[in-house]
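Some notes on the structure that comes next.
Lettering of chains follows the sequences in order, A, B, ..., and the numbering in each one begins at 1.
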Amino acid sequence: MATSKPSLPKGTRDFGPEQSAKRSYIIDTIKKNFLKYGFSQIETPAMEQLSVLTGKYGDEGDQLLFKIVNSGDFLKKSNTQDYEAGSGQLLPKISEKGLRYDLTVPFARFVVMNQHEITFPFKRFQVQPVWRADRPQKGRYREFYQCDADIVGSNSLLNEAELTMLIHDVYSDLGYKGFVLKINHREILMELARYAGLKGKEMPFCVVIDKLDKIGQEKVTEELIGLGANESKLADILNVFNFIHDNISKIALIENLIGSNRGSSELSEYFNYLNAYEQGELKIELDFSLARGLSYYTGIIFEVKATDVQIGSITGGGRYDNLTGVFGMEGTSGVGISFGLDRIYDVLEELNLFPSALAQSSDVLIAHFDEQCMYHGLGLLQKLRSSGLRAEIFPESTKMKKQFNYADKKDIPFVLVIGSDEIANKKYSLKNMKDGSQEMLSIDQITEALSN
RNA sequence: GUGGUUGUAGUUCAGUUGGUUAGAACGCCUGAUUGUGGUUCAGGAGGUCGCCGGUUCGAGUCCGGUCUUCCACCCCA
């Protein structure tokens, strides 16, 4: 077989021991908090039927789905006419499965398929990779992890409040203070669009509004007038966006402009819940210009942004009133959030916020002078491990220099040396690699010393 | 999907208007050190210059294609 240079598919990465340790640290922190809030873990397959995935993410999303060609002779169901008719007709004949694009739609499928076994409200979390055929950039990968927590089967806004507290706990545990949790309500965006005279064009309105902090007010105004918006009403709206005040005052202001509505009353109720937790210093900012994508959100939406790192959104979520409806199960409302593991990693890395003690090295290495010493070491190895220590033995008898170098490179803090004297005296040299000190100790003394 | 950008040793990068045998630092290996790593010193190995093709007497250098990287759109974790 011809050899070839190995390479990775675009937008995918390997993770070495150090990176993996850091990723596990983030995942463990998030999982711990999911469990703390009463969520249970589920897992779903990497691939789903294409019929489950398509049409859930809009036309853009469908293009970004990775499709899997059918097994075996994947052309056998198609003919040249299908080929000439283009990919739209050919695709369903050669592909029936795709890689999941997010965790929410597979979860909706899971809920529908298991509705009779599930007790509602159902609180599930899921930490798995998803795939998007997007063009990669910094912080944008074709394979990345989402850490989702959703509550379905409950309309209560207390769930939104719970997720808000959860987000704060996660970032607090990760030691990251530079985030801001932005909140808005889909209904307010709709009302604002109608106020601006864009009835029927609410979605395009949201798309433009979402670019506000990127392209600025003038460009946004320009684009919205291009859509047919009323200029003076638009000025009213931008005025509200610029209003810097506490969140409660902002609700009053928006009601003043477009009247009381489902959005404003739900936001009030949400803030009332948060208030009752009696937890000060929540980093929540009501931002009426926040317009998250994902067409299925219908209620409160939120997004966590890093203020000190240029990376975009690191957590997002919101309420979807009828996600399971597309699978024939009506009236199940849900609310969820998704932590972007890969982006959180990039933030912690850039700000140097990973704990220094993440290295997964052994506590002690057993080094030896010859094969007989190595055999003797296996008994000691077993004693070290059964007392709870992380221990390893160098697997070949070779020069001391090489064995010590191994311990040094792997940051193993202690080396236990076995020679013929040691075996005779039942006392072994234990070297502290940090300060270079060394003493002769029995195996019991060593386990004792290292266990502290 | 549209437009641009990047690629040279394990890593970070030099490499002149196209011209002998493509360099440095760090890392790696060996020795100085026959019971001990990190420091020091001496020596050594390591390159299809992303890949394919073209122009040329001659290409790391110029041209085309392709893959990859990063960036701006679009969208998003």
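Picking from B:A77, B:C75, B:G37 the nucleotide with the shortest atom distance to the side chain of A:Arg343 gives B:A77. Here the side chain of A:Arg140 is nearest to one of B:A72, B:C74, B:G35, namely B:C74. You'll find that the side chain of A:Arg132 is closest to B:C76, out of B:C76, B:U69, B:G35. Taking only side-chain atoms of A:Asp408, from C-beta outward, the nucleotide of B:U36, B:G38, B:G1 with the closest atom is B:G38. Comparing atom distances between the A:Val417 side chain and each of B:U69, B:G35, B:G37 picks out B:G35 as nearest.
Residue contacts for A:Tyr406: at a heavy-atom cut-off of 4.0 Å it reaches no nucleic acid atom on any strand shown. No contact: A:Glu303 has no heavy atom under 4.0 Å from any strand. Among the heavy atoms of the strands, none lies under 4.0 Å from A:Val415. Residue-level contact check: A:Ser7 touches neither bases nor backbone, having no heavy atom under 4.0 Å from any strand. Across all strands, A:Gly11 comes closer than 4.0 Å only to sugar-phosphate atoms, never to a base (heavy-atom distances). At a threshold of 4.0 angstrom between heavy atoms, the contacts of A:Gly139 include nucleobase atoms, whether or not backbone atoms are also involved. At a threshold of 4.0 angstrom between heavy atoms, the contacts of A:Gln403 with the nucleic acid are absent. Looking at heavy-atom distances under 4.0 Å, A:Lys305 makes no contact with the nucleic acid at all. Contacts of A:Lys410 with the nucleic acid, taken as non-hydrogen atoms under 4.0 Å apart, are absent.
Between the NZ atom of A:Lys219 and the P atom of B:C73 there is a distance of 11 Å, given to the nearest Å. Between A:Phe404 atom CZ and B:U34 atom C1' the separation is 16 Å, expressed in whole Å. As rounded to whole Å, 14 Å separates atom C1' of B:U11 from atom CD of A:Glu18. As rounded to whole Å, 13 Å separates atom C1' of B:C71 from atom NZ of A:Lys10. Nucleotide B:A77 holds its C1' atom 13 Å from the CD1 atom of A:Ile337, rounded to whole Å. One atom, CD of A:Glu60, and another, C1' of B:C74, lie 6 Å apart when rounded to the nearest Å. When rounded to the nearest whole Å, the span between OH of A:Tyr297 and C1' of B:A77 equals 10 Å. Between the CD1 atom of A:Ile215 and the C1' atom of B:C74 there is a distance of 13 Å, given to the nearest Å.
Remark: the separation of the C1' atoms in B:G46 and B:U11 is 13 Å, to the nearest Å. As rounded to the nearest Å, B:G60 and B:A9 have C1' atoms that lie 14 Å from one another. Rounded to a whole angstrom, the distance from the P atom of B:G64 to that of B:A72 is 25 Å. On the P atoms, B:U5 is 45 Å away from B:A42, given to the nearest whole Å. Using P as the reference atom, B:G31 and B:G35 are 15 Å apart when rounded to the nearest Å. Comparing the P positions of B:U8 and B:G4 gives an interatomic distance of 23 Å, to the nearest angstrom.
Remark on RNA chain B: of its neighbouring residues A:Gly436 and A:Gly316, the 5'-side contact belongs to A:Gly436, judged by nearest-heavy-atom nucleotide. Nucleotides of RNA chain B nearest to A:Thr315 and A:Asp435 differ in position, and the one nearer the 5' end is that of A:Asp435.
Side-chain contact between A:Val105 and A:Arg100 is absent, with no heavy-atom pair separated by less than 4.5 Å. Between A:Leu286 and A:Phe288, some side-chain heavy-atom pair lies under the 4.5 Å cut-off. The shortest distance between side-chain heavy atoms of A:Lys431 and A:Phe404 falls below 4.5 Å.
Not a single donor-acceptor pair under 3.5 Å links the side chain of A:Arg186 to the backbone N or O of A:Gly263. With hydrogens and angles ignored, the 3.5 Å screen pairs no side-chain donor or acceptor of A:Lys93 with any backbone N or O of A:Gln89.
The base of B:G35 sits within donor-acceptor range of the side chain of A:Glu422, with an N or O pair under 3.5 Å. Between the side chain of A:Arg135 and the base of B:U2 there is at least one donor-acceptor pair of N/O atoms closer than 3.5 Å.
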Any chance you could lay out the side-chain contact (heavy atoms from CB on, under 4.5 Å) test for A:Ile26 and A:Phe354, step after step, and finish with the verdict? CA-CA 9 Å; A:Ile26 298 173; A:Phe354 283 107; 4.0 Å; yes
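A distance cut-off of 5.5 Å between ring centres, combined with a plane angle under 30°, places A:Phe144 in a stacking arrangement with the base of B:A77.
Side-chain contact annotation: A:Thr29 with A:Asp173, donor-acceptor N/O pair under 3.5 Å absent. At a cut-off of 3.5 Å, with distance as the only test, no side-chain donor of A:Tyr297 or A:Asn184 sits close to an acceptor on the other residue. Defined by atom type and a distance below 3.5 Å, a donor-acceptor pair is present between the side-chain atoms of A:Thr164 and A:Tyr270.
Geometric assessment of A:Arg124 against the ring of A:Phe110 yields a negative cation-pi assignment under the 6.0 Å and 45° thresholds.
In this model, the phosphate group of B:U36 is not approached by any side-chain N or O of A:Lys431 to a distance below 4.0 Å at OP1 or OP2. Close to B:A72, at under 4.0 Å from its OP1 or OP2, lies a side-chain N or O of A:Gln137.
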For nucleotides 27-31 of chain B, print each protein N/O atom paired with a nucleotide N/O atom at under 3.5 Å, atom names and distance only.
| unit_1 | atom_1 | unit_2 | atom_2 | d |
| --- | --- | --- | --- | --- |
| B:C28 | OP1 | A:Lys409 | NZ | 2.3 |
| B:G31 | OP1 | A:Lys399 | NZ | 3.1 |
| B:G31 | OP2 | A:Lys399 | NZ | 3.1 |

